[in-house]
Engineer: 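Here you go, one structure.
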Amino acid sequence: MAELNKSYSPQGVEEKWYAYWLAGGYFIADPGADSAPYSVVIPPPNVTGSLHMGHALNTTLQDILVRWKRMSGLSVLWIPGMDHAGIATQNVVERQLASEGVDRHKLGRDAFIERVWKWKDEYGGKIIHQLKSLGASCDWSRERFTLDKGLSEAVIEVFVSLHEQGLIYRDNRLINWCPRCHTALSDIEVEHEELEGRLTHIRYPLADGGGHIVVATTRPETMLGDTAVAVNPEDERYRDMIGKMVRLPLTGRKIPVIADDAVDAGFGTGAVKVTPAHDFNDEAIAKRQSPPLEFITVIGPDGSMTEAAGRRYAGMDRYDCRKTVIGDLEHEGLLEKQEKYQHSISQCYRCKTVIEPLSALQWYVKIKPLAEEAIAAVRNNRITIIPKTWENTYFSWMDNINDWCISRQIWWGHRIPAWYCGACGEVIVSRTTPAKCTKCAGTELRQDEDVLDTWFSSALWPFSTLGWPEKTPELQKYYPTSVLVTGFDIIFFWVARMIMMGLKFMTEIPFRDVYIHALVRDASGQKMSKSKGNVIDPLIIMEKYGTDAFRFTLAVFAAQGRDVRFSEERVEGYRHFVNKLWNASRFILSNAGEAKLPETVGFERLDLGSRWIMSRLAAAADEMRISLEEYRFNDAAGSIYHFIWHELCDWYIEMVKPLLYSETEDKQAVQECLLYVLDNTLRLLHPFMPYVTEEIWQNLCEGRRMKEDGGKSIMIAPYPRSLARDAESEEEMSVIMETVMGIRTVRGELNLSPSLELNVYIRTLLEKTGDILNRNLIYLKKLAKAEVKAIGDDLKKPKGSAAAVRKYAEVYVPLEGLLNIDLEVERLKKEEAKADETISFLSRKLNNEDFLKRAPKDIVEKEREKFDECIRKKERIREHIGKLCEARGEQ
RNA sequence: AGGCUCGUAGCUCAGGGGGAGAGCGCUACCUUGACACGGUAGAGGUCGGCGGUUCGAAACCGCCCGGGCCUACCA
C-alpha cells in the first residue's frame, strides 16, 4: 500500500479519477440491462453559459441521486446536454460581429448561422467541462444539443403535428417586443421591476371648445398614437362627455371619449388615454368597442418613433420623444402636472431593455387544452412536486395560462416549418420543404423567416433526447424519467411545458418526481448577479477547497424549501471534514496489518466497541437511505458526517487503539472490522464526495480484497443497505460513554491536566452496569485516562472526591493532592441548581390533574421517571456536597 | 393587489406538540504514536411580538412587526 499523505490534497486526484471513470465507461447506460431503470435528464444549461452556483447545486444534487441509484443496482441513465439559447447566443455573436464592424444582415442568414456554429464549436460548451470537473457522472456518450439533427426533427414533428390538430395558429395582436434583441418574447420572458417613474397629467381639450378632460399616463410619448379617451360608464363626472370628441394635442387629430368598465374611476383622474397599438389594456379596450378603435403604431421595432407619430417626432428614440412631448405640452399649456409614481416596468429577460408592446403577426400555441391534462397529472399525483408547496405556484400559473407566443425574429434556432405562397398567399406547414403550393400549385414559396422559441425545443427534452420520434431502446427503457431536478425559476419555462408536451406526444408524464431546489444567494441573502458584483465563482471555490468539500457543503445547505446562503467559511469547515476522513482512513490502513477486507463481519467474535460501530454504521446507512428517498439531502449528509466524525473517529478509533497496539487475539477481528466499516463508510459517502472516497477506497482495496473479481471502482460498488443493528451493544456502549463523559467532565471542569491519570471509584446504579464496566475497563483507561480502583453497587464515596452523577452510575474521583475542594463544591452546586430547576418544572407538570388525565400514558410515565431520576440525582449531589464540606472541614 | 416563504446561539442554518441542535466563531486546558484542517471540557438562546387552540406551544391557528421571493393589464 502506498503511504498516504498527512493531509488530503485534491489537486491531481480529481482529474485522475474522473478520467478513470470515463475510461471505465461507468457513466454509460445500458438500455439492455435487466435491472430497473433510473433516468434523469439534466436541465440543459445555455450553450453560452458558464458554471454558476445554481448549476453547481443542481448538478451536485442530481449526481448524488444518480450515483446513489447506480450503486444501488439500478440501470441508470443521466443525459447531459445543452440548450442552443437562441436569443442569448445570437446576442453574443452579434456583439462579436459588431466589433468587426459587420452586422448580421450584411452577412446574410446562412453565413451568420455558420458563424454561430463556429462560435459554438470554439467557445460554446465551456460549461460541459465545468460540469465534468464537478464530478457529474453523466452519460456523455449520449450528450445532446437542442439543435442536433434528431432533436430538430422532433421539433418539426411537434410543430407540424400541433398545427394539424389546430393547437398552433398564427395571429396578429400585441406582443412583447424587445427593441434591442429585435424579437417577440413570450409573457414569461418578460421581467417586471418596480421603479420610480412619473405620472404625467395632460389636458385634452374638448373639440367643441367646452373645457378639457385630463388624462394621466406614465408614457406621455404614446399619446401620439391615442385613438380614444376612456372613462368608466358609471363615473358621474364624465357621463356627459361620453361620445364627445377631444382634440388630441400635438397632432390635430380628433378622438372620441368612450366608456369602458375596465377604467378605474378612483385612479388618477378617472380618464384614460387609449393607445391600442402600444398597451395591452388599451388593445383590449379597443377591441371591445364597436366598431373597434383604430390602431396607430407610433413606435417602431427599433424603439424609435414612426412617421405616424408626426413629422416632428418621427425617428426620435422613444425616450427622447417623451421629453420632447412633455416640453411641447408644457409650451402649449396642456401639461397639468407631473407627480412621482411607483410602477412596474417590463423588461427583456435577456438584455433588460424595456419591452415595447407592438402589434405583429406571430405563431402561438393554443395552450389551454394542453394545460388541462398537465394540471390533472399533478393533481392526481402521477407527478409529485417536491417540496409540495411549489404545487401552488404550478397550479396558479397553469390555471391562468395564456397562449404561448413561439415565434422569434432571430436566426439562431429551429426555423419555423411554414411556407408562404407568393401567388395565392396560402400558408403551408409541412415536415419537409414543399415543392409547390398545396392550393394553387405555385412554386414561388418562401419559408417563414422566424425561428421557434428555444423553450419550445427544451419542452421536448425528456423524450427528444431519448431519440423520439424514433422508437429507440433508450426511449423504451428510460421514459418516463425518474426525476427532474431544477430551480423554481423555471417551473414555468420548463417543468410545466415538459409536462404538457410529454403528455401530448408520449401520452405519458415526462418524470415522476420534480425536485425543486433552492436558489443560491450570497451570504447576506442577495440573489447573486453580475450587476451586483456578488457572484461567487464555484470553480474558484472548488480550486481552493476541493470539489468534495464544495459538493458536501451544497448538499448540507440544500434543505427543502429554503434558499442557500452561501458562505465560504462553511466550505472550509467541510474541507476539514474531508481531511478528518482522510486521516481516519490513513490510521485504519496503516494499522490494518495483514488483514483482508471482509465481505461480512460476524458480530459474535467482536468486542463491544466493534459491535457498536457496526450497529451505528447500520443506523447511518438506514438514515441516509430514508433521507435520500425523500430528497432530504441535508439530512443524509448530516447522518454520514455525524457518523464519521462523532462515532467512528471520536469513539471507535480511539477505543480500539489499545487493542491495535497490543498483540491480543481480538486484534485481527478489530482490524477486519475497521476495514469493513471504512469500506462501507466510503461507499455511503461516495455520492456526496466522489473523489476522495475513490482515492481512499482504491488504497483500501489494494491487496486487501478477498476476491479480485470486482471492485474496479467505488462508484459501481454496491451501496450499503439493510445492515444489522445490535440494540444490546448500543445500550452497553451508552453505559461506557456516559461513564467516560462523566470522568471527562470532572477532569475538564476542575481543570485537571489531560495527561494526569485519575483514580476512579464507580458506584453502579443499575444491575447490569457493573458487569458491563468490568468487562470493558480497557476502554475507560483509554478514553478517560482513568484507573478504575473499585466498582460496586454499595461502594461508599471516598472522602474528598469529586463526583459525576449519571443515570447508570456515579463516578468518584478522589481529589486529594489534585486540587482544592472549593472548586468542586462550587461545580456541584451548579449542578444542583440545574437539577432543582428541572424538578420544579416536572413537579408542576405532575401535579397538574389535566396533564395526568389527558396526556398519553407513556408520556406521563416518562415524565414521572424523569422526575424520580432527577430527585435521586439531586439527593446524591447534596450528599456529595456534604461529604466534601466535611472533608474540607477536616483539612 | 394577491400568493408563497422566512424570522431559532455572535454568524450561517437544521429541527419541530412532551424544558433546544449542527457548522463556524468564542473561553480554558492539551504537540496523547490518523488528523492542530486535531482532542477534551465549557460559555452562549424569554426559538421576531401579541393573542388563541391544547393538560402542555419554539412547533398548530389568527393578527402584527421585519426580511425575501413570485405572480397581476390600476393608466
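Throughout, protein chains are lettered first and strands after them, A, B, ... in sequence-line order, and every chain is numbered starting at 1. Predicted, not measured: the structure shown is a model, and the values here were computed from it.
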Engineer: Quote, to the nearest angstrom, the C1' distance that separates B:G2 from B:A9.
Structural biologist: 37 Å
Engineer: Could you pick out which residue, A:Ala216 or A:Pro754, lies toward the 5' side of RNA chain B when each is mapped onto its nearest nucleotide?
Structural biologist: A:Pro754
Engineer: Compute both the distance and the angle, then confirm whether A:Lys667 meets the cation-pi test with A:Tyr661: under 6.0 Å from the six-membered ring centre, within 45 degrees of the axis.
Structural biologist: no
Engineer: To the side chain of A:Asp264, which of B:G39, B:C35, B:A75 is closest?
Structural biologist: B:A75
Engineer: Tell me what A:Ser396 touches on the nucleic acid: a base, only sugar-phosphate, or nothing, going by heavy atoms under 4.0 Å.
Structural biologist: nothing
Engineer: Testing the 3.5 Å rule here: is there a donor-acceptor pair between the side chains of A:Asp226 and A:Tyr204?
Structural biologist: yes
Engineer: Would you say a side-chain N or O of A:His192 is under 4.0 Å from OP1 or OP2 of B:A72?
Structural biologist: yes
Engineer: So, is A:Tyr661 close to the B:A34 phosphate, meaning a side-chain N or O under 4.0 Å from OP1 or OP2?
Structural biologist: yes
Engineer: Answer with base, sugar-phosphate or nothing: what part of the nucleic acid does A:Asp489 contact at a heavy-atom distance below 4.0 Å?
Structural biologist: nothing
Engineer: If you measure from the C1' atom in B:G7 to the same atom in B:C13, how many Å do you get, rounded?
Structural biologist: 12 Å
Engineer: Should the pair A:Arg219-A:Glu221 be classified as a salt bridge under the 4.0 Å nitrogen-to-oxygen rule?
Structural biologist: yes
Engineer: How far does the C1' atom of B:A57 sit from the matching atom of B:G15, given to the nearest Å?
Structural biologist: 15 Å
Engineer: In whole Å, I'd like the distance from the NZ atom of A:Lys388 to the P atom of B:C4.
Structural biologist: 15 Å
Engineer: Are any of A:His642's side-chain N or O atoms less than 4.0 Å away from OP1 or OP2 of B:A22?
Structural biologist: no
Engineer: In whole Å, I'd like the distance from the CD atom of A:Glu191 to the P atom of B:U71.
Structural biologist: 8 Å
Engineer: If the cut-off is 4.0 Å, is A:Trp390 near the phosphate of B:C69, judged by side-chain N/O to OP1 or OP2?
Structural biologist: no
Engineer: When you compare B:A72 with B:G3, how far apart are their P atoms, in angstrom units rounded to a whole number?
Structural biologist: 16 Å
Engineer: With sugar-phosphate meaning primed atoms plus P, OP1 and OP2, does A:Glu654 contact a base, only sugar-phosphate, or nothing at under 4.0 Å between heavy atoms?
Structural biologist: base
Engineer: When the distance from CZ of A:Phe267 to C1' of B:C74 is rounded to whole Å, what number comes out?
Structural biologist: 5 Å
Engineer: With a 4.0 Å cut-off on heavy atoms, is A:Lys6 in touch with a base, just the backbone sugar-phosphate, or nothing at all?
Structural biologist: sugar-phosphate
Engineer: Could you tell me whether A:Phe280 contacts a base, only the sugar-phosphate backbone, or nothing, with contacts defined as non-hydrogen atoms closer than 4.0 Å?
Structural biologist: nothing
Engineer: Considering only atom P, compute the distance from B:C60 to B:G67 and round it to an integer number of Å.
Structural biologist: 23 Å
Engineer: What nucleic acid atoms does A:Arg575 come within less than 4.0 Å of, heavy atoms only: base, sugar-phosphate, or nothing?
Structural biologist: base
Engineer: Whole angstrom is fine here: how far is it from CG in A:Asn400 over to C1' in B:G3?
Structural biologist: 11 Å
Engineer: Roughly, in whole Å, what's the span from CD in A:Glu569 to P in B:C26?
Structural biologist: 12 Å
Engineer: Any chance the side chains of A:Lys785 and A:Ser755 put a donor and an acceptor closer than 3.5 Å?
Structural biologist: no
Engineer: Contact class for A:Tyr8 (heavy atom, under 4.0 Å): base, sugar-phosphate, or nothing?
Structural biologist: nothing
Engineer: Say we look at B:C47 and B:C4: how far apart would their P atoms be, to the nearest angstrom?
Structural biologist: 26 Å
Engineer: Decide whether A:His278 and A:Glu283 meet the rule of one side-chain donor and one side-chain acceptor closer than 3.5 Å.
Structural biologist: no
Engineer: Check whether any side-chain nitrogen or oxygen of A:Thr745 sits under 4.0 Å from OP1 or OP2 of B:G42, and answer yes or no.
Structural biologist: yes
Engineer: Ion pair present between A:Lys337 and A:Glu339, side-chain N to carboxylate O less than 4.0 angstrom?
Structural biologist: yes
Engineer: Pick one: which of A:Phe550, A:Phe688, A:Phe552 meets ring-ring contact (aromatic ring centres under 6.0 Å, His included) with A:Tyr574?
Structural biologist: A:Phe552
Engineer: Looking at A:Lys6, is its backbone amide N or carbonyl O close enough to the side chain of A:Asn583 to form a donor-acceptor pair, meaning the two atoms are under 3.5 Å apart?
Structural biologist: yes
Engineer: Taking atom C1' in both B:G51 and B:G18, compute the distance separating them and give it to the nearest angstrom.
Structural biologist: 23 Å
Engineer: Does a side-chain N-to-carboxylate-O contact under 4.0 Å join A:Arg806 and A:Glu738?
Structural biologist: no
Engineer: In whole angstroms, how far is the P atom of B:G38 from the OH atom of A:Tyr574?
Structural biologist: 13 Å
Engineer: Could you write out each protein N or O paired with an N or O of nucleotides 55-58 of chain B at a distance under 3.5 Å?
Structural biologist:
from	atom 1	to	atom 2	distance (Å)
B:C55	OP1	A:Arg854	NE	2.9
B:C55	OP1	A:Arg854	NH1	2.4
B:C55	O4'	A:Asp850	O	3.4
B:C55	O2'	A:Asn848	ND2	2.8

Engineer: Let me spell it out: for each of A:His646 and A:Val578, pick the nucleotide of RNA chain B with the closest heavy atom. Which residue's pick is nearer the 5' end?
Structural biologist: A:His646
Engineer: Distance check: side-chain N/O of A:Lys785 vs OP1/OP2 of B:U40, anything under 4.0 Å?
Structural biologist: no
Engineer: Under 4.0 Å between a Lys/Arg side-chain N and an Asp/Glu carboxylate O for A:Lys781 and A:Glu787?
Structural biologist: yes
Engineer: Does a side chain donor of either A:Tyr545 or A:Glu568 reach within less than 3.5 Å of an acceptor in the other side chain?
Structural biologist: yes
Engineer: Is there a donor N/O on one and an acceptor N/O on the other, under 3.5 Å, for the side chain of A:Lys580 and the base of B:C37?
Structural biologist: no
Engineer: Give each stem of RNA chain B as a range with a range, requiring at least 3 consecutive Watson-Crick or G-U wobble pairs whose two distances are under 3.5 Å.
Structural biologist: B:1-7 with B:65-71, B:10-13 with B:21-24, B:26-30 with B:38-42, B:48-52 with B:60-64
Engineer: Regarding A:Thr393, tell me which of base, sugar-phosphate or nothing describes its non-hydrogen contacts under 4.0 Å with the strands shown.
Structural biologist: nothing
Engineer: Round to the nearest Å and state the distance from A:Leu758 atom CG to B:U40 atom C1'.
Structural biologist: 12 Å
Engineer: For residues A:Tyr394 and A:Trp390, establish whether the separation of their ring centroids is below 6.0 Å.
Structural biologist: no
Engineer: Taking the P atom in each of B:A75 and B:G16, what is the distance between them to the nearest angstrom?
Structural biologist: 43 Å
Engineer: Just the rounded figure in Å: distance from P of B:C37 to CG of A:Leu581.
Structural biologist: 17 Å
